[in-house]
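Predicted, not measured: the structure shown is a model, and the values here were computed from it. The basis for the numbers below is simple: all heavy atoms, side chains too, and nothing from hydrogens, waters or symmetry mates. Whatever order the structure lists ligands and atoms in, that order sets their numbers, starting from 1. We're numbering straight along the sequence, starting at 1.
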Amino acid sequence: MKHKILVVGSGAREHAIIRALNRSVHKKEIYCIASNMNPGIVNSCENFTMGDINDPTFVTNYARHVSATIAIIGPENPLAAGVADVLWSIGIKTVGPTRDLAQIESSKAFTRNLLKEYHIPGGPEYKTFSSMRGVEDFLNTLEDNYVVKYDGLMGGKGVKVAGEHLHSHTEALAYCKELLDSDAQFVIEEKFIGEEFSLMSFCDGDNLKHMPAVQDHKRAYDGDTGPNTGGMGTYSDSNHSLPFLTKQDIDDAKTINQATAKAIKNKFDLSYRGILYGGFMATANGVKLIEYNARFGDPEAMNVLSILESDFVDICYAIVNGNLNDVPVKFSTKATVCKYAVPNGYPDNPVKGQEIDVSKISNHNGLYYASVNIQKEKLVESGSRTIAYVGIADSIFDAETIAENEIISIEGPLFHRKDIGKKELIQKRIDHMKSLR
Ligand code: AMP
Ligand code: GLY
């Protein structure tokens, strides 16, 4: 049988998904619904269509048209819009949870309440609000350690952290009022102090297979300065842990993911079939849960999928068929460093539509296209994270050298973080955790 695999989305994450699918031994055709002419994807698909990836009718019509046998949803917005629901309803098994279950990402309050209801460890002290009643009292309880979170999808930009984005209770109250003025609910929670990491798990509803831990870098500039971004780069280590984590930290994160998948199933009597991405913070008091995402991370997908040794097509079918325990899920014991080149001015005022040139890249296997379009046979960046490069080696430092040498060779009005994966930055993380523990 030839598999007809539909991928929804067209960033670097989806490029990585498609590249991993293409390594499979199975006979297959890959189809993609895209929001930009990603050159890496266009060239590796049977068919490619541009359209609104968040429109369930558009996606299902195309899925029917190409007789898709399975679908994989990359980004969070189609999940929140119920694209998986309608694909399942027309008989297309889908990697990516249905809308109710995707609330694990789309609603901060839902996730906090779920963890509390099922006594899952790692949650902060928190309260949910839909008016200003009680806000000031709760801020007074948390003193200087609070975070205010808009209760919905905002690409990470709805979260404001005390000491970073909010410098007094007056500022916090003003932000809460701003959210209420736009009809939004919000969560206020205890601020955790530590080092962040991501632990993603493949999940078929009952069984989880965990991926290597990854650390992302949200700030735009070197030294963790500048505005927050979608993620400027990531690294993972050859032992699938991170230099600042203990074995206990990794075990605890896995346990929390497992307990969460079980809780979702219990709550909805439905299986969570997709990627469960736990965003964690290692703290002096153990591992804490910052957030869940209902999909692969971007850039985290590039780190883990590029060292996935097992057959990704088999894994996807096992996720949707509920037999994940029957297939091997193995990653090579290599370190990875992924760096993003982004447009000058990103994220606040990015240049747009400028030509880029990748001809000096020496090994295209590590290159993933993101916000890139093809115009008059030329590559142009389209204003968001542009190109990611993944270096793979025995050590993080060697992987960093590879990624840095390649990413710096891309020509165009772009910048990247030079420090991600470098000794100084990693030592800083280790020292920070040492001082806290
Ligand atoms: P989120 O969208 O929930 O991941 O939040 C975005 C970022 O805000 C996270 O990556 C953290 O850096 C920070 N953050 C969120 N919640 C907390 C928390 N409870 N304590 C400390 N930092 C947090
Ligand atoms: N790298 C963070 C995210 O994908 O949300």
Side-chain angles (χ1 to χ4, degrees), residues 9 11-14 16-17 73-77 79-80 102-112 115 122-127 138 142-166 172 175 186-200 211 213-220 224 227-236 275-285 287-305 338-340 342 347 368 370 384-385 388 417 420 429 432 436:
R13 166 183 44 210
E14 290 73 32
I17 288 172
I73 299 178
E76 61 273 28
N77 285 315
L79 296 169
Q103 285 182 86
I104 195 89
E105 172 163 8
S106 63
S107 169
K108 309 276 186 203
F110 169 84
T111 303
R112 289 303 183 210
L115 262 78
E125 245 190 274
Y126 77 97
K127 278 195 170 146
F138 193 52
L142 296 178
E143 297 179 349
D144 290 335
N145 283 324
Y146 58 87
V147 180
V148 183
K149 295 183 167 185
Y150 161 71
D151 187 18
L153 289 180
M154 227 195 216
K157 294 180 185 77
V159 175
K160 294 204 192 267
V161 181
E164 288 180 39
H165 316 96
L166 301 169
Y175 180 54
F186 57 92
V187 177
I188 300 180
E189 63 185 40
E190 173 193 353
K191 175 184 170 181
F192 296 129
I193 315 281
E195 281 296 327
E196 284 184 59
F197 65 100
S198 316
L199 195 117
M200 303 183 287
M211 303 180 223
V214 182
Q215 187 174 46
D216 189 11
H217 298 73
K218 293 230 155 82
R219 298 301 195 100
D224 294 319
N228 273 335
T229 70
M232 293 294 290
T234 31
Y235 64 88
S236 70
I275 315 304
L276 187 62
Y277 165 140
F280 296 98
M281 178 99 75
T283 76
N285 306 314
V287 165
K288 305 291 179 185
L289 180 84
I290 296 284
E291 63 161 349
Y292 267 112
N293 292 324
R295 52 171 174 84
F296 279 114
D298 182 350
E300 289 91 336
M302 281 81 91
N303 299 83
V304 298
L305 289 176
C338 177
K339 296 197 184 203
Y340 252 120
V342 304
Y368 296 89
S384 197
R385 291 180 295 174
R417 274 185 63 165
I420 294 169
R429 310 281 189 237
H432 184 209
L436 292 174

Can you sort out which atoms of ligand 1 are near Glu196, meaning under 4.0 Å from one of its heavy atoms?
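So the atoms of ligand 1 that pass are 9 (C), 10 (O), 11 (C), 12 (O).
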
Considering the heavy atoms of Met281, write down every atom of ligand 1 situated less than 4.0 Å from one of them.
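With Met281 as reference, the close atoms of ligand 1 come out as 21 (C), 22 (N).
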
Quick check on Lys108 - does any of its heavy atoms sit under 4.0 Å from an atom of ligand 1?
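A heavy atom of Lys108 does come that close to ligand 1.
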
Show me, by chain and number, every protein residue that has a heavy-atom distance under 4.0 Å to ligand 2.
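Those residues closer than 4.0 Å to ligand 2 by some heavy atom are Asp216, Gly230, Tyr277, Asn293, Arg295, Gly297, Asp298, Pro299, Glu300.
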
Any donor and acceptor pair, going by atom type alone, linking the side chain of [X] with main-chain N or O of [Y] inside 3.5 Å?
| X | Y | result |
| --- | --- | --- |
| Glu14 | Gly11 | yes |
| Arg417 | Gly233 | no |
| Thr234 | Gln215 | no |
| Arg385 | Asp298 | yes |

Over 12 non-hydrogen atoms of neighbours within 6.0 angstrom of NZ in Lys191
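Count over threshold, so yes.
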
Glu189, Glu105, Lys149, Arg219: member with heavy atom nearest to atom 19 (N) of ligand 1
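When every heavy atom of Glu189, Glu105, Lys149, Arg219 is considered, Glu189 comes closest to atom 19 (N) of ligand 1.
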
Rounded to the nearest 0.5 Å, how far apart are CD1 of Ile420 and NZ of Lys339?
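Between atom CD1 of Ile420 and atom NZ of Lys339 there are 6.5 Å.
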
Taking both backbone and side-chain atoms of Arg112, is any N or O found less than 3.5 Å from an N or O belonging to ligand 1?
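No, no N or O pair falls under 3.5 Å.
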
Backbone or side chain, does any N or O of Phe192 fall under 3.5 Å from an N or O of ligand 1?
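Indeed, backbone or side chain, Phe192 has an N or O that close.
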
Plane angle bin for Tyr235 and His217 - parallel if under 30°, tilted between 30 and 60°, otherwise perpendicular:
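Aromatic pair His217/Tyr235 classed tilted.
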
Salt bridge flag under 4.0 Å for residues Arg219 and Glu164:
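Answer for the salt bridge query: yes.
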
salt_bridge(Asp151, Arg112) N-O dist < 4.0 Å
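Looking at Arg112 together with Asp151, the answer is no, because their closest N to O distance does not fall below 4.0 Å.
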
